[in-house]
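Chain A is the first sequence line, chain B the second, and so forth, proteins listed ahead of strands; every chain is numbered from 1.
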Protein chains: 2
Amino acid sequence: MRSTAEARRVTVLNTAVSVFARAGFHATPVTAVAAAAGISEAYVFRLFSGKLGLFVAAAGACFDRIAAAIEAGAERAGGDSPEEILDAMGGAYAELIADRDLLLFQVQAQAVTDIPEIAEAVRAGYRRVATFVQSRAGASDAQVQQFFAYGQLCHLIVTAGLEQVPEPWARALTAGIRHP
Amino acid sequence: MRSTAEARRVTVLNTAVSVFARAGFHATPVTAVAAAAGISEAYVFRLFSGKLGLFVAAAGACFDRIAAAIEAGAERAGGDSPEEILDAMGGAYAELIADRDLLLFQVQAQAVTDIPEIAEAVRAGYRRVATFVQSRAGASDAQVQQFFAYGQLCHLIVTAGLEQVPEPWARALTAGIRHP
DNA sequence: CTTGTTTGTGAGTGCACACTTACAAACATG
DNA sequence: CATGTTTGTAAGTGTGCACTCACAAACAAG
């Protein structure tokens, strides 16, 4: 026994988030996740109940990391007002998704919500983040809504590669968005 | 000859938008599009250069319809101020995506932007819509950005099915969004 | 009617990939 | 050392799907 199954699961999940992020659920063979994790495809199928189980578990890991980052960001807020806390949370989130994997995985997960298990995982993830943002920042409904609206705008900016587009319309959409 | 090739292409593209919208590019076999359009798979491959060509052309058709709807909505604006025109555009867009196909297709397209041809089609679509919104409404950069941010929020609401979630966090995210 | 062009299809072909099974090696426990 | 359990894999199996090709029917023009 080189490693315990539980430890393997953790490393496989983190690599799964990165690998699924590139091409999505259907276009990513389990072989690709296994190779990136350095183990055989057969063992991935023993550690998780099929490809769908792996993806759902990866979604859980993805939102775990997002929630943790936002939580840590709130601790570093400059003051106690909702605006200051939301700003600190936004900064922490922007810093977290600099490597793009967590952002792209969310996009991929939203694209396969026709699979009920994935839809439920996505809802659970946003439920966790949204309830925390609202309670921790003491923000109004409208502030929470705005927080997520501009978060989703980041998804468009990154997937379409708008940071690289010098035209005015792209500059307007990316203005003020923190280092994407 | 029952129909001209060009007329076939138009009908195939509209059905392709609906069919791709459900399961996305990789999970949708060309057979499904052909069956929905009432022709054989082989003929779809003659009308378009492969599955990728079909999807890219469908993306063009999707953004054509969105641009046309927003353009028509602007004509029905109550006044000439940017706020009134943006509001009319938003209403027209909300009305258009009531059947969900155009919205879900955009989500699917954003998820496969790792394919360069699709990324370019997405950029072209948003370029067209964004430049029109800005010039027609005479809106500021910040107003255009806000318009698209809340548009992207609709994508999350619909894919995650948040209209059906009665919990407070979901109500906060969906508040004020027009009849999704 | 003959010849040519366009619209349309049925029947393949080859490959990628989800998932299984049989088997082996490492470790634990008595 | 013997027996059992857990970690790990190599080598299949079956199926679904992108794409092709040979062929047919409708129409046009002479």
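At whole-Å resolution of the value, OH in Y43(B) and P in dT6(C) are 11 Å apart. Between E6(A) atom CD and dT5(D) atom P the separation is 20 Å, expressed in whole Å. Atom pair R46(B):CZ and dT9(C):C1' shows a separation of 10 Å (rounding to whole Å applied). Note: CZ (F55(B)) to P (dA18(D)) measures 13 Å, nearest angstrom. When the P atom of dC17(C) is taken as reference, atom CZ of F20(A) falls 12 Å away, rounded to whole Å. We find that CD1 of I39(A) is positioned 19 Å from P of dA25(C), with the value rounded to whole Å. Atom P of nucleotide dG8(C) and atom CZ of R9(B) are separated by 11 Å, given to the nearest angstrom. We find that NE2 of H26(B) is positioned 20 Å from P of dC15(C), with the value rounded to whole Å.
Using a 4.0 Å cut-off between a side-chain N of Lys or Arg and a carboxylate O of Asp or Glu, R123(B) and E167(A) do not qualify as a salt bridge. Between R65(B) and D101(B), none of the side-chain N atoms (NZ, or NE/NH1/NH2) sits under 4.0 Å from a carboxylate O, so this pair counts as no salt bridge. Taking 4.0 Å as the cut-off between side-chain N and carboxylate O, E71(A) and R128(A) do not count as a salt-bridged pair.
Residue R8(B) is classed as a sugar-phosphate contact, given heavy-atom separations below 4.0 Å to backbone atoms only. At the heavy-atom level, T28(B) lies under 4.0 Å from the strands shown only through sugar-phosphate atoms.
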Donor-acceptor pairs under 3.5 angstrom involving side-chain atoms of residues 39-60 of chain B: please list them, not counting sequence neighbours.
unit_1	atom_1	unit_2	atom_2	d
S40(B)	OG	Y43(B)	N	3.3
K51(B)	NZ	F25(B)	O	2.8
K51(B)	NZ	T28(B)	O	2.9

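Listed candidates were dT20(C), dG8(C), dA18(D). Nearest to the side chain of S3(B) is dG8(C). Picking from dA10(D), dT9(C), dA18(D) the nucleotide with the shortest atom distance to the side chain of A42(B) gives dT9(C).
If you find the closest nucleotide of DNA chain C to E41(B) and to A5(B), the one lying nearer the 5' end belongs to A5(B).
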